[in-house]
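Have a look at the structure below, then the notes.
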Amino acid sequence: MNRNSRSLTYIRIYEVVRRIPRGCVATYGQIARLAGMPGQARLVGYALHSLSETTDLPWHRVINAGGKISRLPDPDTTLTQRFLLESEGITFNDKAQVNLEQYGWKEACADRT
DNA sequence: GCAATGACGCTCT
DNA sequence: CAGAGCGCCATTG
């Protein structure tokens, strides 16, 4: 469980996700870049998938570049993510998209804190 | 050890 | 403007 077992690469992603402040959302590409793998958004998603649903990480703050919730293996998990984001004050539009311009990490996010 | 997949992103048509 | 395909690295079987 040693995070080592998951490889340092995953740890990087987990650490970045953990740094996401409340009321904000980050994209896979954003995290991938902060983790030190620009363009490797797939690994970010894969890393999160490897996590347990009971993870302490705010994985629900991680969405795709379109500001939308990614295609999760289980539709129930997707609804949970949306619910958690709404609980943080994040609003979704009819397309289940989040306004990255408003909630995007390091954008207006720091101002909200 | 080898091969295929993967909660995405970007470019091309 | 919209839709589809390909590519990156790492993990898993």
Side-chain angles (χ1 to χ4, degrees):
Chain A
M1 41 109 235
N2 227 7
R3 288 110 58 189
N4 279 352
S5 295
R6 263 98 208 219
S7 281
L8 183 69
T9 311
Y10 277 33
I11 315 298
R12 293 278 195 187
I13 297 164
Y14 300 150
E15 288 293 299
V16 175
V17 174
R18 241 180 232 180
R19 287 169 202 182
I20 301 174
R22 186 181 104 197
C24 297
V25 293
T27 66
Y28 290 95
Q30 185 82 51
I31 292 163
R33 182 193 289 220
L34 293 171
M37 311 174 229
Q40 262 22 28
R42 327 190 90 211
L43 301 196
V44 178
Y46 196 49
L48 294 174
H49 172 235
S50 185
L51 290 169
S52 295
E53 334 176 341
T54 56
T55 308
D56 321 3
L57 296 174
W59 61 271
H60 53 266
R61 291 180 191 154
V62 186
I63 54 182
N64 65 1
K68 312 171 257 172
I69 299 176
S70 305
R71 315 190 354 123
L72 293 140
D74 294 313
D76 181 61
T77 310
T78 311
L79 296 173
T80 301
Q81 183 173 17
R82 180 152 113 192
F83 178 77
L84 290 168
L85 290 170
E86 289 183 324
S87 294
E88 296 192 354
I90 296 171
T91 56
F92 282 79
N93 72 25
D94 294 339
K95 295 174 93 94
Q97 298 180 254
V98 182
N99 190 344
L100 293 174
E101 297 298 311
Q102 183 175 1
Y103 299 108
W105 195 10
K106 81 202 302 207
E107 287 294 332
C109 179
D111 188 55
R112 290 174 62 80
T113 348

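These numbers come from a predicted model, not from an experiment. Just so it is clear: chains get the letters A, B, ... in the order the sequence lines come, proteins before strands, and each one is counted from 1.
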Roughly, in whole Å, what's the span from CG in A/Leu43 to P in C/dG7? 17 Å

Euclidean distance, atom CG of residue A/Leu51 to atom P of C/dA10 [Å, nearest integer]: 18 Å

Please give me every residue in residues 26-37 of chain A whose heavy atoms get under 4.0 Å of an atom in DNA chain C, ordered by residue number. none

Select from A/Gly66 and A/Tyr46 the residue whose nearest nucleotide in DNA chain B is closer to the 5' end of that strand. A/Tyr46

If you compare all heavy atoms of A/Thr27 against all heavy atoms of A/Leu100, which two are closest, and at what distance to 0.1 Å?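 Heavy atoms of A/Thr27 and A/Leu100 come nearest at CG2-CD1, 4.0 Å.
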
Hey, is the main chain of [Y] close enough, under 3.5 Å, to the side chain of [X] for a donor-acceptor pair?
{"X": "A/Ser50", "Y": "A/Tyr46", "result": "no"}
{"X": "A/Gln81", "Y": "A/Val62", "result": "yes"}
{"X": "A/Arg18", "Y": "A/Leu57", "result": "no"}
{"X": "A/Tyr14", "Y": "A/Thr9", "result": "no"}

Which nucleotide of DNA chain B is the first, and which the last, in the 5' to 3' direction, to come under 4.0 Å of a heavy atom belonging to chain A? B/dG6 to B/dG9

If you measure from OH on A/Tyr28 to CD1 on A/Ile13, what distance do you get to the nearest 0.5 Å? 10.5 Å

With rounding to the nearest 0.5 Å, note down the distance linking CD1 in A/Ile20 to CD in A/Gln30. 9.0 Å

Using the P atom in both, what is the distance from C/dG3 to B/dA7, to the nearest Å?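 Approximately 22 Å lies between the P atom of C/dG3 and that of B/dA7.
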
Taking the side chain as every heavy atom from C-beta outward, state whether A/Leu43 and A/Met37 have any pair of such atoms under 4.5 Å apart.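 Heavy-atom side-chain distance check passes, below 4.5 Å.
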
